[in-house]
Participant: 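My questions will all concern the structure given below.
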Amino acid sequence: DSGMTLVLKVDTPKDGTTISTAAVTVSGRVSGTESASAKVKVNDKDATVKDGKYSAEITLTEGANVINVFASAGQANLNEKVTVTYSPAK
């Protein structure tokens with residue numbers, strides 16, 4: 001059905017950010033007609049989805065990290081990528 005939609009947004013971390021801690025919470029929003037049943041994964045880890053917002057904590061490795069966020073609901077499958085750099089505080 002063309003009336004069914006799913007929209008995925010990554011709010012944090014922002015693409016291109018340098019982060020000084022290994023643990024980072026990836027969060028954002030899902031919206032659209034399918035959002036109530038949306039399942040979100042961050043790098044293959046199930047994210048908690050509540051009231052259209054999702055979050056998941058992941059652990060970065062030193063250097064560049066590509067964070068893949070997948071959302072699926074019904075026939076809709078979306079993927080957003082964010083690249084961050086983990087540079088441990090000295």
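The first residue of the sequence shown is numbered 1, and numbering continues consecutively from there. As a basis for the values below, the full set of heavy atoms in this structure was taken, side chains included, without hydrogen atoms, waters or symmetry mates.
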Participant: To the closest 0.5 Å, what do you measure between CG (Asn43) and CG (Asn68)?
Facilitator: 5.5 Å

Participant: Would you check if Tyr54 and Val10 make a side-chain contact, meaning some heavy-atom pair closer than 4.5 Å?
Facilitator: yes

Participant: Checking Ala76 now: which residues fulfil side-chain contact (heavy atoms from CB on, under 4.5 Å) with it, not counting sequence neighbours?
Facilitator: Leu6

Participant: What's the spacing between Lys45 NZ and Glu57 CD if we round to 0.5 Å?
Facilitator: 6.5 Å

Participant: For residues Glu62 and Pro88, determine if any side-chain heavy atom of one lies less than 4.5 Å from a side-chain heavy atom of the other.
Facilitator: yes

Participant: Is Val30 close to Val7 at the side-chain level, that is, under 4.5 Å between some pair of heavy atoms?
Facilitator: no

Participant: Which atom pair, heavy atoms only, marks the closest approach of Val42 to Ala47?
Facilitator: CG2-CB, 4.2 Å

Participant: Are the side chains of Val84 and Thr18 in touch, meaning some heavy atoms are under 4.5 Å apart?
Facilitator: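 Sidechains of Thr18 and Val84: no contact.
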
Participant: Side-chain contact test, heavy atoms from C-beta onward, threshold under 4.5 Å: evaluate it for Ile19 versus Thr85 and give yes or no.
Facilitator: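 Not touching, per the 4.5 Å side-chain cut-off.
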
Participant: Kindly indicate whether the side chain of Val82, heavy atoms from C-beta on, has any atom under 4.5 Å from the side chain of Val69.
Facilitator: no

Participant: Side chains of Leu78 and Ser72: does their closest heavy-atom pair fall under 4.5 Å?
Facilitator: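 Sidechains of Ser72 and Leu78: no contact.
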
Participant: Decide yes or no for Thr83 and Ile67: does some side-chain heavy atom of the first lie under 4.5 Å from some side-chain heavy atom of the second?
Facilitator: no

Participant: Please find the pair of heavy atoms, one from Thr61 and one from Asn65, that lie closest to each other, and give the distance.
Facilitator: O-ND2, 2.6 Å

Participant: Regarding Ser27 and Thr12, do their side chains bring together a donor and an acceptor under 3.5 Å, going by distance alone?
Facilitator: yes

Participant: For Lys39 and Asp46: C-alpha separation, side-chain torsions, deciding distance, then whether salt bridge (Lys or Arg N to Asp or Glu O under 4.0 Å) applies.
Facilitator: CA-CA 8 Å; Lys39 302 261 185 279; Asp46 289 326; over 6 Å; no

Participant: With rounding to the nearest 0.5 Å, note down the distance linking OG1 in Thr59 to OH in Tyr86.
Facilitator: 9.5 Å

Participant: Roughly how far apart are Leu8 CG and Arg29 CZ, rounded to 0.5 Å?
Facilitator: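 The CZ atom of Arg29 is 10.0 Å from CG of Leu8, to the nearest 0.5 Å.
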
Participant: Give, for atom NZ of Lys53 and atom CG of Asp11, the distance between the pair rounded to the nearest 0.5 Å.
Facilitator: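 Lys53 NZ to Asp11 CG: 8.5 Å, rounded to 0.5 Å.
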
Participant: Using modelled atom types and a 3.5 Å cut-off, is there a donor and acceptor pairing between side-chain atoms of Thr5 and backbone atoms of Thr33?
Facilitator: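 Yes: the side chain of Thr5 pairs with the backbone of Thr33.
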
